[in-house]
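What's counted below: heavy atoms across the whole structure, side chains too, no hydrogens, waters or symmetry copies.
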Amino acid sequence: GYNGNQAAIIELGSEVVTFLDLLDGIAGLKSDGGARHCGFSKKMRAGRIPSLSILGNVAIIASFERPDRKTMTIQLHDTLRGRKVPFEPLKEGEVTMYLCGPTVYNYAHIGNARPAVVFDLLARILRRRFKLTFARNITDVDDKIIAASLESGQPIEEITSKYARIYNEDMAALGVQPPDIEPYATQHIDVMIAMIEKLVASGHAYAADGHVLFEVESHEAYGELSKRDLREMIAGSRVEVAPYKKAPQDFVLWKPSEDEQPGWDSPWGRGRPGWHIECSAMAEKHLGETIDIHAGGQDLVFPHHENECAQSRCAHGGAPFARYWLHNGFLSIDQTKMSKSLGNVLLVHDLIETMPGEVIRLALLSAHYRQPLDWSGETIESARRMLDRLYGAVRGVDVSEEARAAAEVPAALVEALEDDLNTPRAMAEFFALARSLNKSDDAAEKAALAAQMYAAGDLMGLLGSDPESWFAGHVEGDVSSD
């Protein structure tokens with residue numbers, strides 16, 4: 001036998017199989033795509049345990065030991081490559097990450113909150129290892145904002161400042177920490193104009209009727225992120241096919257403004273930026289031409305992120321815009337798509353009036369971030385019960401501030417989160433820790449385990465309340481010691 005995920009494979013007949021695939025089958029474990037061998041039993045992860053398995057004509061003798069975290073790497077699923085890959089920043093020890101933020105003309109709904117919570121967790125994980133610079137933008141110039149201003153009679157600046165403030169307050173209620181940089185689109189018009197000028201000069205964009213459009217056919221790699229064939233594409237939901245376009249798929253970089261609309265002087269006349277150019281320009285300004293991670297919801301892969309990728313690469317001589325693209329899955333309401341027409345849009349601003357933000361946070365993290373998440377009464381109650389059980393474990397255990405500060409997050413829980421944000425597996429480790437705490441009758445051991453639970457909570461944005469305050473007003477839960 002060998003140490004680590006290796007084995008002696010003894011051929012008893014003509015067939016030799018790959019050890020790890022076979023072991024998964026013996027253990028009854030299912031593959032989850034790129035992470036085919038992450039679900040080893042707790043015992044195998046915890047220590048070095050020899051085992052002998054025989055299946056058909058192959059005998060396997062193996063031993064396992066916990067990997068050295070110093071040599072482990074964070075694994076992330078990259079949308080562009082279509083698989084989970086080791087994460088390596090462009091600059092050693094430093095990471096740049098950009099998350100598409102809100103368009104501030106109304107309250108954020110629960111679907112908007114999922115990427116905010118998911119990538120807040122990723123930021124927390126990255127900060128353990130790296131110096132992270134995390135930017136999340138505010139889009140404060142957009143046709144929807146203009147429409148809201150005309151409908152309400154309020155000045156645009158009042159609308160955008162109000163809803164930007166409320167968005168940040170609502171996300172804070174969900175435990176979302178503020179980004180390092182929060183660029184506003186209207187404060188970066190000069191950067192956007194400069195990038196558009198580069199695209200025009202290099203032949204990737206053209207001016208027509210006061211507009212400037214990106215010529216999609218000029219970028220051969222267009223469609224690589226969304227895995228779409230150019231011939232089957234449409235321009236995108238925010239762009240109408242117009243006679244001044246060379247091709248229907250060309251998208252707007254700059255558009256003219258009427259007198260009553262917000263606008264800025266430019267080489268193409270008074271106007272305002274298109275939606276897609278904003279993030280490319282702001283990311284370049286604050287994070288550089290090539291960033292490490294670009295994140296957002298799955299709904300943004302096309303056309304928004306595809307267009308960002310194209311215009312940024314063409315503006316920067318072919319340099320990649322982002323080295324890793326991460327996207328969270330869709331959120332539905334009671335197995336139904338959320339939409340205004342169905343009247344099932346749930347606003348975070350309303351939800352936090354009826355339940356703790358921590359319940360909403362855990363509900364949003366209850367499924368793996370790349371999987372669809374159905375929001376229902378059962379989802380909420382399940383998250384509340386889980387938190388009851390965690391708070392129930394630490395309730396009544398005295399943990400000093402010094403002990404909490406010195407406590408380390410259990411390695412298995414960190415390992416799960418560094419494996420492409422595997423929150424279901426991380427929560428299983430969290431509950432295993434709670435069971436150990438409930439089972440212990442030694443005061444010192446209980447204090448140490450409780451300190452570890454608080455450390456895990458700090459990492460995941462959970463257990464932020466006093467246990468007694470948490471249980472005030474609702475029935476508690478618990479975790480058995482079995």
>> Whether the side chain of Asn344 engages the backbone of Ser339 through a donor-acceptor N/O pair (distance < 3.5 Å, no angle test) should be reported.
In response: yes

>> Under a 3.5 Å threshold, yes or no: a donor from one side chain and an acceptor from the other, between Glu308 and Ser280?
In response: no

> With no hydrogens and no angle check, is any side-chain donor or acceptor of Tyr206 less than 3.5 Å from a backbone partner on Lys246?
Replying inline: yes

>> Quick check: do Leu121 and Thr423 have side-chain heavy atoms less than 4.5 Å from each other?
In response: yes

>> Apply salt bridge (charged side-chain N to carboxylate O under 4.0 Å, His left out) to residues Lys144 and Glu151 and explain how you reach the verdict.
In response: CA-CA 10 Å; Lys144 291 182 179 180; Glu151 182 179 345; over 6 Å; no

>> According to side chain to side chain donor-acceptor pair (under 3.5 Å), does anything in residues 187-201 pair up with another residue at least two apart or in another chain? List the pairs.
In response: His188-His286

>> Could you measure the distance from the OG atom of Ser366 to the CD1 atom of Ile380? Nearest 0.5 Å is fine.
In response: 10.5 Å

>> Can you give me the closest heavy-atom contact between Gln311 and Leu199, atom names plus distance?
In response: O-CD2, 3.5 Å

> Would a distance-only check, ignoring hydrogens and angles, find a side-chain to backbone donor-acceptor pair under 3.5 Å from Lys227 to Thr79?
Replying inline: yes

>> Please check: side-chain N/O of Asp78 versus main-chain N/O of Trp325, any donor-acceptor pairing under 3.5 Å?
In response: yes

> Do the side-chain N and O atoms of Asp374 and Gln335 include a donor-acceptor pair separated by under 3.5 angstrom?
Replying inline: yes

>> Between Arg425 and Asp420, does any side-chain N to carboxylate O distance fall below 4.0 Å?
In response: no

>> Ser332 vs Trp375, test: side-chain hydrogen bond (donor to acceptor under 3.5 Å, both in side chains). Steps then yes/no.
In response: CA-CA 6 Å; Ser332 59; Trp375 188 269; over 6 Å; no

>> Taking the cut-offs as 6.0 angstrom to the six-membered ring centre and 45 degrees off its axis, would you call Arg404 and Tyr454 a cation-pi pair?
In response: yes

>> Go through it in stages, so that I can follow the logic: the residues are Asp209 and Lys245, the test is salt bridge (charged side-chain N to carboxylate O under 4.0 Å, His left out), and I'd like the CA-CA distance, side-chain angles, deciding distance and then a yes or no.
In response: CA-CA 10 Å; Asp209 291 350; Lys245 289 187 175 185; over 6 Å; no

> Looking at Gly101 and Asn137, what are the two nearest heavy atoms and their distance?
Replying inline: N-OD1, 2.7 Å

> Name the one of Arg228, Glu306, Glu217 that satisfies side-chain contact (heavy atoms from CB on, under 4.5 Å) with Tyr222?
Replying inline: Glu306

>> Quick check on the 6.0 Å ring-centre criterion: do His327 and His305 meet it?
In response: yes

>> Let me confirm one number: the CD1-OH distance from Ile189 to Tyr184, rounded to the nearest 0.5 Å.
In response: 14.5 Å

>> I'd like to know if the side chain of Thr379 pairs up with that of Ser376 as donor and acceptor (distance under 3.5 Å, no hydrogens or angles considered).
In response: yes

> Of the non-hydrogen atoms in Ile277 and Met195, which two are nearest, and what is the gap between them?
Replying inline: CD1-SD, 3.7 Å

> Does Asp250 use its side chain to pair, donor to acceptor, with the backbone of Leu213 at less than 3.5 Å?
Replying inline: no

> Could you walk me through whether Gln154 and Ser149 pass the side-chain hydrogen bond (donor to acceptor under 3.5 Å, both in side chains) check?
Replying inline: CA-CA 5 Å; Gln154 291 179 285; Ser149 176; over 6 Å; no

>> Does Glu158 form a salt bridge (charged side-chain N to carboxylate O under 4.0 Å, His left out) with Lys162? I'd like the steps, not just the answer.
In response: CA-CA 6 Å; Glu158 285 187 16; Lys162 171 186 174 180; over 6 Å; no

> Rounded to the nearest 0.5 Å, how far does CZ of Arg272 lie from CE of Met192?
Replying inline: 13.0 Å

> Strictly under 6.0 Å, is that where the ring centroids of Trp275 and His304 end up?
Replying inline: yes

> Any side-chain heavy-atom pair from Leu459 and Leu417 closer than 4.5 angstrom?
Replying inline: yes

> salt bridge (charged side-chain N to carboxylate O under 4.0 Å, His left out) between Asp120 and Arg124: does it pass, once the steps are laid out?
Replying inline: CA-CA 6 Å; Asp120 168 74; Arg124 292 166 181 256; 2.9 Å; yes

>> For Ala416 versus Ala426, what's the shortest heavy-atom pair and its separation?
In response: CB-N, 3.6 Å

> So, the side chain of Tyr167 versus the backbone of Thr103: is there a donor-acceptor pair under 3.5 Å, distance only?
Replying inline: no

>> Less than 4.5 Å apart, side chain to side chain, heavy atoms only: is that true for Leu174 and Ile352?
In response: yes

> What heavy-atom pair brings Tyr105 and Ala148 nearest, and what distance separates the two atoms?
Replying inline: CB-CB, 4.3 Å

>> Whether Arg136 engages the ring of Tyr98 as a cation-pi pair (distance to the six-membered ring centre under 6.0 angstrom, angle to the ring normal within 45°) should be assessed.
In response: no

> Is any side-chain heavy atom of Asp350 less than 4.5 Å from a side-chain heavy atom of Leu346?
Replying inline: no

> Parallel, tilted or perpendicular for Phe251 and Phe214, by the 30°/60° rule?
Replying inline: parallel

>> Nearest 0.5 Å, please: how far is CZ in Arg83 from CD in Gln75?
In response: 11.0 Å

> Looking at Ala407 and Ala455, what are the two nearest heavy atoms and their distance?
Replying inline: O-CB, 3.9 Å

> Any side-chain heavy-atom pair from Ile156 and Pro262 closer than 4.5 angstrom?
Replying inline: yes

>> Can a side-chain donor-acceptor contact be found between Asp170 and His349 if the only test is distance below 3.5 angstrom?
In response: yes

> On the ring face of Tyr324, is Arg81 found with NZ or CZ under 6.0 Å from the centre and within 45° of the axis?
Replying inline: yes

>> Walk me through whether Glu182 and Asn168 qualify under side-chain hydrogen bond (donor to acceptor under 3.5 Å, both in side chains).
In response: CA-CA 10 Å; Glu182 188 178 60; Asn168 283 324; 3.0 Å; yes

> Does atom CD of Glu408 have more than 12 heavy-atom neighbours from other groups under 6.0 Å away?
Replying inline: no

> Can you find a heavy atom in the side chain of Ile110 that is under 4.5 Å from one in the side chain of Ile333?
Replying inline: yes

> Taking Arg129 as the fixed residue, which of Glu418, Glu94, Glu88 is the one that meets the salt bridge (Lys or Arg N to Asp or Glu O under 4.0 Å) rule?
Replying inline: Glu418

> Short question: side chain of Asp140, backbone of Thr160 - any donor-acceptor pair under 3.5 Å?
Replying inline: no

> Are the charged groups of Arg385 and Glu378 less than 4.0 angstrom apart, N to O?
Replying inline: no

